[in-house]
Amino acid sequence: MTAALVAGLLAGYGIAVPVGAVATYLVSLTARTSLRTGVCAALGVATADGLYALVAALGGTALAVALQPVLVPLRWASALVLLALAVRGAVTSLRQYRARRLPGRQQRDPAGPARAYTALLGITLLNPTTVVYFTALVLGSRAAEAVRPLEQAVFVLAAFLASASWQLLLAGGGALLGRALTGPPGRLATGLVSSAVIAVLAARMLLPS
């Protein structure tokens, strides 16, 4: 049981800690909106990680074989979604900057908590790195004897909690960033920089490895 718990925690942090396009978007989204929205977005990422940990734990070798034909389409879909988010983020930042300079105009939250959760859940589910990571991890550590369902459940829950804790930390950092950069120029700069980073990371996904 302890081994499954430790393995799940390591798996969750292993996939969550490297900062990529999804993490960059999470921080930027929280900075532009609110901590509540950021928390929901963070839980969307963690939910996707937990779902893939569950699928990988239950699927085993069959999952690895089934994923081979769709890895390239998944990579393209993920890159296109991220590029769309980069464009949308830049446009939203520009609109917010212009709107703040117009007196009497109300600002609207560009992404509510529910929308942020579903958006980040979908983006992370499209990420082929997450699929390959959990599949390889489970296959590489699978023992000769069958893994008990309780140990599988502990592994999946630990992976989810580890991912959630890191994503919530990133959301908290985004909230602090949003408070520090209260002026319109600062929010515009961070929004454009974030969009540029996401676009670069998405483009790199399409390059041959």
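Side-chain atoms of S163 never come within 3.5 Å of backbone atoms of A159 as a donor-acceptor pair (strictly under, hydrogens ignored). At least one donor-acceptor pair under 3.5 Å links the side chain of T33 to the backbone N or O of L29.
Residues V45 and I123 are members of one and the same hydrophobic cluster, defined by side-chain heavy-atom contacts under 4.5 angstrom among Ile, Leu, Val, Met, Phe, Trp and Tyr. Linking Ile, Leu, Val, Met, Phe, Trp and Tyr residues whenever their side-chain heavy atoms come within less than 4.5 Å places L150 and L9 in a single cluster.
The side-chain heavy atoms of T47 and Y117, taken from C-beta on, include a pair separated by under 4.5 Å. Contact check for L170 versus W166: side-chain heavy atoms found under the 4.5 Å cut-off.
Residue L35 comes nearest to A175 through the heavy atom pair CD1-CB, 3.9 Å, listed as atom of the first residue, atom of the second, then distance. Scanning both residues, A116 and T37, for their nearest heavy atoms gives CB-CG2, 3.6 Å. Considering every non-hydrogen atom in both Q167 and A46, the closest pair reads CG-N, 4.5 Å.
Not a single side chain to side chain donor-acceptor pair (under 3.5 Å) links T118 to another residue, sequence neighbours left out. Annotation: side-chain contact (heavy atoms from CB on, under 4.5 Å) contacts of L161 (sequence neighbours excluded): L157. Residues satisfying the side-chain contact (heavy atoms from CB on, under 4.5 Å) criterion with A90, sequence neighbours excluded, are L192, S195.
Here the CG-CZ distance, from L54 to F155, works out to 10.0 Å after rounding to the nearest 0.5 Å. Between the CG atom in L43 and the CG atom in D49 there is a gap of 11.5 Å [rounded to 0.5 Å]. Atom-to-atom distance recorded for L121:CG and L126:CG is 9.5 Å, nearest 0.5 angstrom. Rounding to the nearest 0.5 angstrom, the gap separating the OH atom in Y52 from the OG1 atom in T124 is 9.5 Å.
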